[in-house]
There are 2 protein chains.
Amino acid sequence: MSAAKESASEARDTGTLGKLMVLLDRVTHADEPMRFTDILAVANQPRGTVHRQLSHLVEEGLLEIDTDGRYSPGLRLLDLASRSWARNEFRLIAEPHLKALQDLTGETVHLGVLRGTSIIYLDKFEGQQPVRMYSQIGNASPVYCTGVGKAALSILPRERVKALVADLAFHRFTANTHTAESLLAEIEEIRKQGHAFDREEHEVGIRCIAAPIWSENLSLVGGVSVTGPAYRLTVERLSEWAAAIQESAERIMEAMRIGLGPRR
Amino acid sequence: MSAAKESASEARDTGTLGKLMVLLDRVTHADEPMRFTDILAVANQPRGTVHRQLSHLVEEGLLEIDTDGRYSPGLRLLDLASRSWARNEFRLIAEPHLKALQDLTGETVHLGVLRGTSIIYLDKFEGQQPVRMYSQIGNASPVYCTGVGKAALSILPRERVKALVADLAFHRFTANTHTAESLLAEIEEIRKQGHAFDREEHEVGIRCIAAPIWSENLSLVGGVSVTGPAYRLTVERLSEWAAAIQESAERIMEAMRIGLGPRR
DNA sequence: AATTACGTTCCATATAATAGAACTACCCGG
DNA sequence: CCGGGTAGTTCTATTATATGGAACGTAATT
């Protein structure tokens, strides 16, 4: 084994696949196509290794390489994901309820689910203009600064929240973004209320209200939210929808019990 | 090496990743969650091997396993794909032109790209109701029964078309679906016309007109299409848009030369 | 033309995947 | 309550694959 590696805290190692996925993540999460050298620099691994790994990813269509030798996410990912999305049971069950909530509020409705320390948005209903599909869907956002994220945390047992928070790196997106302490405090509040707000904690000018959704055994934890521009949506205004959104969450959970309980 | 494998024509073997991707494809392309035994049956590989491979895919979030031990596509795929989509240069460049075409025709406009023997839909603009996002996007459809597919083939050199057609398994979706011979014949026609029709060849009741889009070195081959219900859109009616759609394709190609040529 | 940066290929070695079997848990019928 | 099948998991020597260091091309730069 080579030396100079023990300092890194990235203890991820599912073998070959794990290493490849780390690389794939790096390239897909970059803002623009990366050249070989750029990737090599952040991968701290030998040139030959990185080169072969990239070649394999390209061969499988997970990455693509343009004529300038720059790597971008591959289209194969789209095909795989479209199945993942179309078949997702949680999303299918929630769909009509999200639509109803959109009709009621006239604002954007999101469905999200907790994965690790992120909220992944599964669906979105926008009111006005033709939706730019995919827009938000599939995006992973930090738990600590999204309504859905905080709502989701509020129904987890306290030890699990603590453990999860310990894993978080709190990035200060806005002046209102939580720290570990303030987050834990607010979660207690949310537990009592049954709903969570996002008071411009992720993005200035954006507020939301969210309610948690969970399965009995907590194998699925997420939430619904109603989101909109801060100039139009004060916290008071959002509060008026608290009952509706919590009811909507309840109905989705009810539908899950029926839909997922007995085989199909 | 074990015997009883040479009959299969699946000569895909990029090493470890390749094998895992075959498995991942199997599960994501199924219509419903698969149990371990189901996967084992189609994978013809030893139990231990399949089990470990699935475990690795689950660990990486590419697959998910529910409480009944059934495997489904994982949400990690969504996150990866959303980046792939959002950053796709071809899609970004084409976007305004697709919108314009939608405004002009009032019908659904698709953008697709050739990958192997499939067309992958990259974007979609629908007129009327709020779009169900992801709907079609990311889906891979056979070249031989889609307007975009046939348009794309029409600009490839004849040998390449021949080779590609030889790889195809023609599934008869409707009474109008092409065979190898009729497809090759129509491609010649499309070469002259500059646009292709789909005369209910994939789905009864759906017709479309498409124009090809390609980069100089053919590293990118695809097309735009206008699609709609057959009762409203006769081939004559569609023909009226032939000039517009070809012009739209031209403009997209022009934009690509500018946008992709000089770095950025 | 010389120099440097960048990307690719090679090959002995180390590492991870493989395959077969043994093991466990569960379900169903007698 | 027991036996026998079915479904899924774990174990381990063997084999295949990935690794990494260095050597090799091949542009770009001056």
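Order of the sequence lines sets the chain letters (A, B, ...), proteins ahead of strands, with each chain counted from 1. Computed from a predicted structure; not experimentally measured.
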To the nearest Å, give me how far apart [atom1] ([X]) and [atom2] ([N]) are.
X: A/Leu23; N: D/dT19; atom1: CG; atom2: P; answer: 10 Å
X: B/Gln53; N: D/dA16; atom1: CD; atom2: C1'; answer: 13 Å
X: A/Asp38; N: C/dG7; atom1: CG; atom2: C1'; answer: 13 Å
X: B/Leu17; N: C/dA17; atom1: CG; atom2: P; answer: 12 Å
X: B/Asn44; N: C/dT18; atom1: CG; atom2: P; answer: 14 Å
X: A/Tyr71; N: C/dC6; atom1: OH; atom2: P; answer: 14 Å
X: B/Leu40; N: D/dG8; atom1: CG; atom2: P; answer: 9 Å
X: A/Leu54; N: C/dC6; atom1: CG; atom2: C1'; answer: 14 Å

Picking from [options], which would you name as closest to the side chain of [X]?
X: A/Thr16; options: C/dA16, D/dT9, C/dG20; value: C/dA16
X: A/Gln45; options: C/dA17, D/dG20, D/dG8; value: D/dG20
X: B/His56; options: C/dA19, C/dG7, C/dA17; value: C/dA17
X: A/Thr37; options: D/dG21, C/dG7, D/dG8; value: C/dG7
X: A/Phe36; options: C/dT8, C/dT18, C/dA16; value: C/dT8
X: B/Arg52; options: C/dA16, C/dT18, C/dA19; value: C/dT18
X: B/His51; options: C/dG7, D/dT17, D/dT9; value: D/dT9

Sorted by chain and number, sequence neighbours left out, side chain to side chain donor-acceptor pair (under 3.5 Å) with B/Arg158 holds for B/Glu188

Side chain to side chain donor-acceptor pair (under 3.5 Å) filter on B/Glu247, not counting sequence neighbours, yields B/Arg251

Per-nt protein contacts along nucleotides 23-30 of chain D (heavy atom under 4.0 Å; B base, S backbone sugar-phosphate only, - none) come out as --------

All heavy atoms of B/Ile93 vs all of B/Ala255, minimum pair found to be CG2-CB, 3.4 Å

Heavy-atom closest pair (B/Arg191 atom, B/Val161 atom, distance to 0.1 Å) is NH2-CG2, 4.2 Å

- Task: Side-chain contact test, heavy atoms from C-beta onward, threshold under 4.5 Å: evaluate it for B/Tyr71 versus B/Asp38 and give yes or no.
- Result: no

B/Ser219 meets the side-chain contact (heavy atoms from CB on, under 4.5 Å) criterion, sequence neighbours left out, with B/Ser215, B/Asn217

Hits for side-chain contact (heavy atoms from CB on, under 4.5 Å) against B/Gln53, two or more places apart or cross-chain, chain-then-number order -> B/Lys19, B/Leu20, B/Leu23, B/Gln45, B/Thr49

Terminal axes of the helix from C/dA1-D/dT30 to C/dC26-D/dG5 (5 end pairs apiece), angle rounded to 10 degrees, sit apart by 40°

Query - OP1 or OP2 of D/dT19 under 4.0 Å from side-chain N/O of A/Lys19 - result: yes

| query | Do any side-chain nitrogens or oxygens of A/Thr49 fall under 4.0 Å of OP1 or OP2 in D/dG20? | reply | yes

By ring pair (Phe, Tyr, Trp, His ring centres under 6.0 Å), which residues pair with [X], not counting sequence neighbours?
X: B/His51; value: B/Phe36
X: A/His202; value: A/Phe173
X: A/Tyr121; value: A/His110

